[in-house]
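The figures here come from the full heavy-atom set of this structure, side chains too, leaving out hydrogens, waters and symmetry mates. Each chain gets a letter, A, B and so on, in the order the sequences are listed, and its residues count up from 1.
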Protein chains: 2
Amino acid sequence: MTRVVTERLDVIPLLAEVFREHGFEGASLAIITDRTGLGKGSLYHFFPGGKEEMVAAVLADISAWFETNVFAALADPSDPKSAIVGMLDSTDAYFQSGSRVCLVGALAIDHVRDRFPDAIKDYFARWIDTLANALRCLGQNRSEARSLAEEIVAGIQGALVLARAIDDPEIFTTTIRRYKNRIITL
Amino acid sequence: MTRVVTERLDVIPLLAEVFREHGFEGASLAIITDRTGLGKGSLYHFFPGGKEEMVAAVLADISAWFETNVFAALADPSDPKSAIVGMLDSTDAYFQSGSRVCLVGALAIDHVRDRFPDAIKDYFARWIDTLANALRCLGQNRSEARSLAEEIVAGIQGALVLARAIDDPEIFTTTIRRYKNRIITL
DNA sequence: CCTGAATTTTACTGATTGGTACAGAATGTA
DNA sequence: TACATTCTGTACCAATCAGTAAAATTCAGG
């Protein structure tokens with residue numbers, strides 16, 4: 001039986017969770033070896049560039065996931081309304097109803113964002129662009145669509161911050177529901 | 001000529017800026033001594049509890065600033081509409097039109113939030129509560145007011161994340177303007 | 001000037017940091 | 001079996017970490 005994925009790929013989700021929990025600086029190699037079960041030797045074998053390469057790999061993985069599970073439907077103009085609703089559902093699931101941190105957002109406000117500027121920029125730019133595209137398919141003009149897309153993407157990020165700050169994930173769920181209603185009644 | 005403030009107080013804004021830029025883990029004592037001009041000895045003289053006490057002092061300072069310059073007007077029901085607009089103006093000024101990080105928000109999504117849970121919780125809770133109070137004075141019922149207050153506070157945080165992520169502070173300014181219009185036409 | 005407290009400088013500690021080197025174990029292949 | 005490649009555990013490195021201790025200095029009040 002052939003292994004479908006290499007071990008490098010298997011480790012990326014674990015790395016993602018560690019960086020989510022501790023941030024870039026906070027995620028020490030000691031913690032990483034603990035959580036992944038890989039010694040330093042293995043870690044540097046798979047990621048010769050060290051922590052920086054690990055984060056880059058995690059960002060690429062996240063980007064790919066969103067491309068497949070979130071952005072693809074938005075970019076397809078066949079049924080824009082249910083595509084947006086589906087995006088909000090996927091988002092709710094991905095962020096575990098507000099109890100999971102957005103790693104890209106967390107990196108964005110950290111000073112290490114300067115080491116991954118493109119990955120961070122692209123993630124949000126693609127989200128806004130595809131969402132705005134779907135909104136245009138619903139009859140909004142270019143600036144309306146872009147403005148609402150920015151509002152929704154920012155609202156999601158803010159809800160994640162707020163939910164975590166006051167320790168009440170319900171705030172995130174409420175936010176998602178609010179945007180859903182707004183789209184449905186569009 | 002008597003000095004009005006102790007040097008401890010003078011240092012707190014500098015500390016705030018360092019923590020904003022580097023986060024809790026990223027702000028090493030070396031960086032802090034650099035930026036404040038105080039050696040380790042002086043730092044530990046003023047803040048015997050080390051970095052943790054420094055952050056606590058910064059959070060208290062921020063909290064006091066918002067209480068005076070933002071929340072006070074919201075809590076006073078004499079002119080709720082202009083109080084909210086004033087809050088949005090103060091917020092825009094404080095966050096330098098989106099180019100300044102919200103330290104409380106940044107700490108909230110970091111794992112060090114567990115060391116300052118009350119300060120973080122109180123900051124956002126007080127913001128939401130006073131804003132909801134002002135909205136009730138504008139005729140909204142309790143749940144409407146709370147929901148919109150949460151939406152605005154979260155929207156502000158999200159706009160800060162997004163503005164920084166795609167390196168476009170304009171997004172923050174737009175967000176503030178959007179909420180202003182929404183309040184004015186209420 | 002003297003005294004004592006406040007403050008700062010300096011030197012130091014032990015622990016931990018990210019990263020390297022490399023021997024050898026495991027694995028796949030012929 | 002034999003060989004080459006991939007992978008991993010371990011020891012090690014210099015740098016940096018937060019924090020301590022105490023001498024040196026500054027400074028205000030009497």
What is the distance, to the nearest angstrom, from the CG atom on L43(B) to the C1' atom on dT8(C)?
11 Å

R8(A) CZ to dT5(D) C1': how many Å, rounded?
18 Å

For the backbone of F71(A) and the side chain of R126(A), can you confirm whether one donor and one acceptor N or O come within less than 3.5 Å of each other?
no

Which pairs, with at least one residue in residues 170-186 of chain A and sequence neighbours excluded, count as a side chain to side chain donor-acceptor pair (under 3.5 Å)?
D89(A)-K180(A), E151(A)-R182(A), R178(A)-E151(B)

Any side-chain N or O of H45(B) less than 4.0 Å from the OP1 or OP2 oxygen of dT7(C)?
yes

Inspect the contact between R100(A) and E17(A) and indicate whether a charged nitrogen and a carboxylate oxygen are less than 4.0 angstrom apart.
yes

Nearest heavy-atom neighbours spanning A108(A) and V161(B):
CB-O, 4.3 Å

I need the minimum non-hydrogen distance between P77(B) and C137(B), along with the two atoms involved.
CB-SG, 3.6 Å

F19(B): what forms a ring-ring contact (aromatic ring centres under 6.0 Å, His included) with it, not counting sequence neighbours?
none

Per-nucleotide protein contact string for nucleotides 15-25 of chain D (B base, S sugar-phosphate only, - none; heavy atom under 4.0 Å)
--SBBB-----

What integer distance in Å separates L38(B):CG from dT7(C):C1'?
9 Å

